[in-house]
Amino acid sequence: MPLQDRLSDAFGEAFAALGHESALGAVVENLKGDAPFQCNGAMAAAGAAKKRGEKANPREIATAVAARLSDHPLIKAIDIGGPGFLNIVPSSEALTETAQAIMEGPVSGLKAGAELTIVIDYGGANVAKPMHVGHLRSAVIGEAIKRLMRARGHTVIGDAHLGDWGLQMGHLISELESEQPGLVYFDPDYDGNYPDEPPVTMDDLGRLYPQASNAAKSDKARMERSRVATAELQAGRRGYRALLDHFIAVSVAVLKEGYGALGVEFDLWNGEMCVDPLIPGMIEDLDAQGLTREDDGALIIDVDPDYDQDKRKGTPPLMVKARTGAVLYATTDLATLIDRKREIDPDLLLYVVDQRQANHFEQVFRAAARAGWFERDQMEHLGFGTMNGKDGKPFKTRDGGVLRLEDLLETMRQAAEARLAESGMGAGFDDEERADIARLVGLAALKFADLQNARLTNYVFDPERFTAFEGKTGPYLLYAAVRIKSILRKAEAAGAEFGPVSPDHEDEASLVLALDAYPKAVALAAEKRAPHILCDHVYGLAQTFSRFYTHCPILADDVSPEVKGARLSLAKATLEQLEHGLDILGIEVPERM
Ligand code: ARG
């Protein structure tokens, strides 16, 4: 148990013994001042006592609590400040015990009480459409939340939920037909097998899609052809289905590579269309439950009793089927919920998708809750803000296009390479290792810059700032970890051994307490679905280590073997926790830099 929790228990008992709520004993980190912890319950205790009509003075309550705990083995001193703040200095015994627990490794104490089965829907790239920045953020944040939940002991299934079921397919099919009308896929009378080889490459898809969608913008007849192709595809036209399968296979191969380069891995690559066969039955179920109604030819579900057609307040109804009979994005998301219920039966479903889709998810979740498939609070949309360009608008490439993942990664790699050269790092390494380090530094820079913000915050893409080795950046953290690796290597070469830790120096004590805060940071980050809380922890830990290392030499000759052994153990524990935390964030540390 973290020291903070053990202290909370002790203070809780003291408050209870004095006739107050034990919850008032909650001990928190003290960010200012010399005492590392504080308890602020005395003020609230006095308030509650006054409400009961008793006379109470917070300072007197604090004094009484402190008196009860003066001999407590975990406590060295309690100082009472201001109106009744209890500032707590832990005993060296407490610090030694805490250090021992930390030596068990970073994984101990991370597990949540209950093990849940969780589906996390993230990535969300679309077949044949270029990725936009929203997909990048979803991948990076989703991967971190997936790993966070796994670190807590939950079973987590990540689904890329590929977008493959809308007008974009109609665009592709009809555009391909214009270019190559002779392909067997377009012959309505053909009833043989279709070729295994795809008729298109990714480059073809990347060309066909914008060609079609641009043409359809100004040409009504062209748009109609895409609409008809979409409808026929959804109605099950064989040749079109075969084409779609090819488009998906070609796209998935490329996407897997791209996400792989980003260090993002999915367990499932289910596309929106996987659930298509479930849709008719689903609509019947919704009808039978009396949840649907017709509106201007479309089929809708009311999801908000306060929704007002004219004044537009509340959450508007969800459209299950358009007037044309086409199913929509929300329809596939609803059917996907049924699929996930049947196949996985999760306790919790997390959707890491751009905040601009918040209304969509609110509608879908409410409809699913009305239908009784899940409780409303089993489904969470975890939105995020945009990554902007220097102009403050969602990031675009220099020619105004959407981002290609490989270009983004290359930009980051080059920025990292420049930084490494500038600081003289890796100068003696061979080209291959240097290139690999630049790749890892670039990735760490990008991911940490993204994850350190609260999810909903927008931020500006700035490779230069992201790759700096000073400040709250990915490269700073990589450097901190690599430096410890180098210390450990040197110590090993010199024959030094690890030893037990009993923190004497105040910077040793601070490091022990910083390490001890890890399980809390992981738990809070998981609970709030907030990777930035973990970013704060690893950054704080790296800083605390740096202060420790400045004041507590390890390798110097005049350090006794006991002190050296203890400090080496602390260095090793710090490295393990840093690497563990960074791994949750999806950040890989090189061996050296
Ligand atoms: N493909 C969608 C897009 O590009 C994102 C999918 C998000 N997930 C979901 N279940 N709707 O906007």
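The structure presented is a predicted model; accordingly, all values stated were derived computationally and were not measured. Atoms within each ligand, like the ligands themselves, are counted from 1 in listed order.
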Is the shortest distance from a Lys or Arg side-chain nitrogen in Lys396 or Asp391 to a carboxylate oxygen in the other one below 4.0 Å? no

Using a 3.5 Å cut-off on N or O atoms only, is Tyr351 in polar contact with ligand 1? no

Arg404 atom CZ: more than 12 heavy-atom contacts under 6.0 Å: no

Starting from atom 12 (O) of ligand 1, locate the nearest protein heavy atom and write down its residue, its atom name and how far away it is, to 0.1 Å. Gln357 NE2, 2.9 Å

Check whether any N or O atom of Gly124, backbone or side chain, sits under 3.5 Å from an N or O atom of ligand 1, and answer yes or no. yes

Which ligand 1 atoms, with their elements, are less than 4.0 angstrom from a heavy-atom of Phe361? 9 (C), 11 (N)

Would you mind running through ligand 1 and noting each atom that sits below 4.0 Å from a heavy atom of Asp121? 8 (N), 9 (C), 10 (N)

Could an N or O of ligand 1 be found under 3.5 Å from any N or O of Tyr329, whether backbone or side chain? yes

Please state whether the rings of Tyr476 and Tyr539 are parallel, tilted or perpendicular, taking 30° and 60° as the class boundaries. perpendicular

Geometric class of the Tyr194/Tyr190 ring pair [parallel <30°, tilted 30-60°, perpendicular >60°]: tilted

Just say parallel, tilted or perpendicular for the rings of His537 and Tyr518, cut-offs at 30° and 60°. tilted

Using a 4.0 Å cutoff against the non-hydrogen atoms of His161, which atoms of ligand 1 qualify? 8 (N), 9 (C), 10 (N)

Ligand 1-proximal atoms of Asp333, by part, heavy-atom distance under 4.0 Å: side chain

Is the Lys NZ or Arg CZ of Lys341 less than 6.0 Å from the centre of Phe374's six-membered ring, within 45° of the axis? yes

Please identify each residue that fulfils ring-ring contact (aromatic ring centres under 6.0 Å, His included) with Phe186, with sequence neighbours left out. none

Going by the 4.0 angstrom heavy-atom rule, the piece of Tyr122 near ligand 1 is neither

Please could you name the atoms of ligand 1 that His135 approaches to less than 4.0 Å, counting only its heavy atoms? 3 (C), 4 (O)

